[in-house]
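Below is one structure, written out as structure tokens; comments come after it.
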Amino acid sequence: MNGNRAPRFQEGILEAISNAPGVSGGEEAVRAILADYARERVDSMEVDPMGSLVARIEPARSSRGTGSPRGSRRGRGPHVMLCAHMDEVGLMVTAVEKEGRLKFRRVGGIDPRILPGQPFRIGARGVRGVIGALPPHLVPRADRDKVTLADDLYLDIGASTREEAEERVSVGEYAVFDTTYEAWGTTRKGKAFDDRAGCAVLASLIQRRPPVPVTAVWSVQEEVGLRGAAAAARRVGPDLAIVLEGTASGESPGSPPEEQYPYMGRGPALTVQDRSLMAHARLLDSIQETAKRHRVPTQWKRPGVGGTDAGRIAISGVGVPSAVVSVVCRYIHAPAAYLDVRDAQRTVTLIWRTLESLKKEWP
Amino acid sequence: MSPQPSHLDSLLPALSEAYGPPGRETGIRAALRRALKGVGATSEDALGNVHLHIPGKGPRLLLTAHMDAPGVIVTRVDPSGLARLSILGQSSAADWIGATVTLNGTARGVVGWDRPRDPKETREIEPEALYLETGLGSRQAPKEITVGTVGALLDRAERLGNLWCGGNLDNRAGCAAILAAVKNARGIRNDLHVVFSAQSDLGARGAATSAFGIEPDVAVVLDVAFVGESKGAGDIALGKGPCLGLKEEGYLPHPAALALVKRAAKAARVPHQWLIRESGGSDARAVRAARSGVPTALVAIPARKTGGPRVFIHASDLEQTVKLLRGVVTTPYTGEKGSR
């Protein structure tokens, strides 16, 4: 019975990679943690030319198998690419000013309204800085309801001259929200749950040999245009793809309940359609039926919004049947997101059971 | 070798009413595969494109038309039982007002619009203001219609004098023209691949993967073009023949591919017009950029919008397009050498 259990969600990995910096294009620290974790558990692993971590793991030799020779396609099931992106939204330092202040640009979709007053960690050494904002005492009455434009904001690392600032920070370095992972009840708080939640779910799935051949891809540069996964998909050439995401909860107090979905804590969210993808109908059916059979609660992601790596994987080469399964998180693309750790476990379980079904059902 | 009007007369209405919103082209796929029986072996790929191969000795020619039609997707069901919608693809919210929509077997309904109270309100109509009334009521509707349910326009093309009028003629007219051209075609001088592509309205997704797989030597993309959208070479008109595309967003014709189409038009004595689009585009951009690039031409059937869900197409434009395509498949492609 024990061998038939779905793998357990690895919360330690989520904590480690949530705390690590990894703005699009600078995912090294996150990749290093995942590579250390995966190395002993997979059959082969490489960092591809874009920087994505690509690991291949062969299925367990099944005692219930059809007796077909090892290596033949039949009986092994489809080759599935599971993909989660390592990068997070953040800032890039673009100039050091005479007075020691840092100008920056946003990398990925950050609402400029949430920036003033936020603490950040800059560069590999994690230099602390805050985005300068005048206290309310000094804001003219007429400006109190206004938001400072992102172009007018600056990072302050407490340096008073350019020389002093340049000793600690250099142009081109990335900055991430200065947030530390925490846990209470079933709630987990941290930065970059979009998509470190998906990365940790994927890591959890490779603890044991999967039911079908799997290539795990932890991709780069999703937040700036789904770039890493597009390149990886061409290289991997899978039969199917499932993208694992941390997606936005729709909860907003005061709205009618039917408008607030999906909810944190109510199970993995399934995508029918977003701006990048129409989920493959049969693959989506298979995931849904698996969820019903194994009593994993699921909900729908809101159609028509967002885009994921799946959109690019689906149209790579001659096309790849693709779907997206997400852990619903509150407050993504912001300093601190929340997720329910039960949703993370349910997502691991759902994907594992789906791989089992695909082995039998997919031609 | 004139096309048989009787064939198109039954084919076009049948194709126009088949269910096929982008990414869920189940009905049209089945209808096309039925219509292709006896023409050649068909197959379906990961994106849902329908492929047909008629092997031949010449260069590999891809003839393609998208088969998906405008679609909607349910974003929620209000307690009152009205389904709220988001639009799949490029159609505008206004195009859907008054349309009959089928949710592929689950239910059917009519699209309404929350008209602003202020009659002077002139803002653009947003999809959020649309609703689908299915008559299922507040009890049944939330049970039977789930978030993510996909719908398509339910409409059958009809003949009005010399015109065809229907909701899904973009691009079922193009599909019908290709079918009519390859059915019983004699003297095909190319290795012919036909693709009815999926998910065109979502950004030429199906055409991209098909062209990648086929690696054609030359491609002709068939679509429709609307009166009022061509700039620079004079506007297009109904009844003056198919349009040859000169420019779209992300696409310029390859001289050798364009020469092939022009030569076929001349030989078949088919009049043509020019299409110059400043914004938006067909599958042509995805096909021409596949692999290391494919010499590609675009042929578009003129159509006129009504401001509602239906459009008009001139029957003679459709017949002339069939003649032109017959010419294309029977003209050997000579590549760059024959282009000037």
#### Entry: Test side-chain contact (heavy atoms from CB on, under 4.5 Å) applied to A/I242 and A/V325, step by step
CA-CA 7 Å; A/I242 301 175; A/V325 178; 4.2 Å; yes
### Query
Where on A/R282 is there a heavy atom nearer than 4.5 Å to chain B: the side chain, the backbone, both, or neither?
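For A/R282, no heavy atom lies under 4.5 Å from chain B.
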### Message
Walk me through whether A/S357 and A/T290 qualify under side chain to side chain donor-acceptor pair (under 3.5 Å).
### Response
CA-CA 7 Å; A/S357 315; A/T290 303; 3.0 Å; yes
Do you see a donor-acceptor pair shorter than 3.5 Å between the side chains of [X] and [Y]?
{"X": "B/T42", "Y": "B/H51", "result": "no"}
{"X": "B/S16", "Y": "B/N168", "result": "no"}
{"X": "A/E245", "Y": "A/H85", "result": "yes"}
{"X": "A/H294", "Y": "A/R346", "result": "no"}
{"X": "A/D87", "Y": "A/S24", "result": "yes"}

### Message
Apply side-chain contact (heavy atoms from CB on, under 4.5 Å) to residues B/L154 and B/V101 and explain how you reach the verdict.
### Response
CA-CA 5 Å; B/L154 185 61; B/V101 162; over 6 Å; no
Heavy-atom donor-acceptor pair, [X] side chain to [Y] backbone, under 3.5 Å:
{"X": "B/S282", "Y": "B/A284", "value": "yes"}
{"X": "A/T271", "Y": "A/Q273", "value": "no"}
{"X": "A/T347", "Y": "A/D343", "value": "yes"}

I'd like to know if [X] pairs up with [Y] as an ion pair, taking the criterion as any Lys NZ or Arg NE/NH1/NH2 lying under 4.0 Å from an Asp or Glu carboxylate oxygen.
{"X": "B/E25", "Y": "B/R172", "value": "no"}
{"X": "B/R84", "Y": "B/E128", "value": "no"}
{"X": "A/E356", "Y": "A/K359", "value": "no"}

### Query
Does CZ belonging to A/R293 count more than 12 external heavy atoms closer than 6.0 Å?
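Atom CZ in A/R293 is crowded, with more than 12 foreign heavy atoms closer than 6.0 Å.
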### Query
Got a sec: does the CZ of B/R108 have more than 12 other heavy atoms crowding it under 6.0 Å?
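Open: at most 12 neighbouring heavy atoms sit under 6.0 Å from CZ of B/R108.
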Please determine, among [options], the option with the most heavy-atom pairs under 4.5 Å with chain A.
{"options": "B/Q199, B/R291, B/R24", "answer": "B/R24"}
{"options": "B/S86, B/G148, B/G213", "answer": "B/G148"}
{"options": "B/P22, B/G23, B/A211, B/A46", "answer": "B/A46"}
{"options": "B/T26, B/L88, B/D45", "answer": "B/L88"}

### Query
Going from CZ on A/R353 to OG on A/S286, what distance comes out if it is rounded to the nearest 0.5 angstrom?
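Taking CZ in A/R353 and OG in A/S286, the distance rounds to 14.0 Å.
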### Derivation and outcome, side chain to side chain donor-acceptor pair (under 3.5 Å), residues A/H333 and A/D194
CA-CA 7 Å; A/H333 289 219; A/D194 172 9; 2.9 Å; yes
### Task
Check whether B/N49 gets within reach of chain A through its side chain, its backbone, both or neither, counting any heavy atom under 4.5 Å.
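Contact with chain A is absent: no heavy atom of B/N49 under 4.5 Å.
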### Task
Could you check which of A/P321, A/S322, A/S276 has the highest count of heavy-atom pairs closer than 4.5 Å to chain B?
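Top option by heavy-atom pairs under 4.5 Å: A/S276.
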### Message
Pair B/D283, B/S200 - check side chain to side chain donor-acceptor pair (under 3.5 Å), show working.
### Response
CA-CA 6 Å; B/D283 282 349; B/S200 172; 2.8 Å; yes
### Task
For chain A, find its close neighbours in residues 67-77 of chain B: heavy-atom separation under 4.5 Å, sorted by number, or none.
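Checking residues 67-77 of chain B against chain A gives B/I73, B/V74, B/T75, B/R76, B/V77.
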### Message
One pair to check against side-chain contact (heavy atoms from CB on, under 4.5 Å): B/T102 and B/T100. What are the steps and the verdict?
### Response
CA-CA 7 Å; B/T102 169; B/T100 302; over 6 Å; no
Quick check on the structure: residues of [range] within a heavy-atom distance below 4.5 Å of chain B, by number.
{"range": "residues 295-316 of chain A", "result": "A/W300, A/K301, A/P303, A/G304, A/A314, A/I315"}
{"range": "residues 212-234 of chain A", "result": "A/R234"}
{"range": "residues 254-267 of chain A", "result": "A/E258, A/E259, A/Y261"}

